[in-house]
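Structure first, commentary second.
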Number of protein chains: 2
Amino acid sequence: MSLRSLGVELHCRCIQTESKPIGRHIGKVELIPANSHCEETEIIATLKKTGQEVCLDPEAPWVKRVIQKILSNRRR
Amino acid sequence: MSLRSLGVELHCRCIQTESKPIGRHIGKVELIPANSHCEETEIIATLKKTGQEVCLDPEAPWVKRVIQKILSNRRR
């Protein structure tokens with residue numbers, strides 16, 4: 001079983017990050033902590049309509065707000 | 001192109017959530033906002049060593065802490 005088959009990436013996945021606040025188009029967000037293969041935390045959003053993956057800047061205030069909103073949002 | 005091929009799930013993915021604080025075993029975390037197919041925010045962690053997917057409780061204080069730590073962690 002390869003590391004890749006376990007979903008472990010052996011390098012950073014993000015080259016550049018989205019600067020526009022695209023929060024309302026986001027279907028899901030992946031958080032990848034810094035690890036031995038990539039020294040920076042990576043945040044990868046999947047867009048609702050297109051399924052496109054977009055890297056986000058973990059330092060950007062709008063990104064932090066989007067994540068806090070997902071965490072606090074209870075639709076009930 | 002099906003919705004599923006876009007990575008859109010048509011139902012909730014979590015049945016139960018992990019109660020033990022497993023933060024240090026987490027390789028990545030997926031945040032799925034509440035949507036028309038699942039009325040609750042879902043948090044799915046992938047474990048480092050096994051690649052196993054584990055649902056986390058968005059309300060659990062340790063889960064919030066783990067996510068804040070990932071967001072603030074800069075390994076540089």
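Computed from a predicted model, the values in this text were never measured in an experiment. Residue numbering restarts at 1 for every chain, and letters A, B, ... go by the order of the sequence lines.
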Distance-minimising heavy-atom pair for B/G27 and A/I32 |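 That would be O-CG2, 4.2 Å.
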State which residues pass salt bridge (charged side-chain N to carboxylate O under 4.0 Å, His left out) with A/E18; sequence neighbours excluded, sorted by chain then number.
->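 Residues passing salt bridge (charged side-chain N to carboxylate O under 4.0 Å, His left out) with A/E18: A/K20.
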If you round to the nearest 0.5 Å, how far is CG of B/L31 from CD1 of A/I67?
-> 6.5 Å
If you measure from CG on B/L71 to CD on A/Q68, what distance do you get to the nearest 0.5 Å?
->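 One finds 6.5 Å between CG of B/L71 and CD of A/Q68.
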Which region of A/I43, side chain (C-beta onward) or backbone (N, CA, C, O), has a non-hydrogen atom less than 4.5 Å from a non-hydrogen atom of chain B, or is it both or neither?
->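 For A/I43, side-chain heavy atoms alone lie under 4.5 Å from chain B.
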Go through the structure and list residues passing side-chain hydrogen bond (donor to acceptor under 3.5 Å, both in side chains) with B/E42, not counting sequence neighbours.
->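 Per chain and number, B/E42 pairs via side-chain hydrogen bond (donor to acceptor under 3.5 Å, both in side chains) with no residue.
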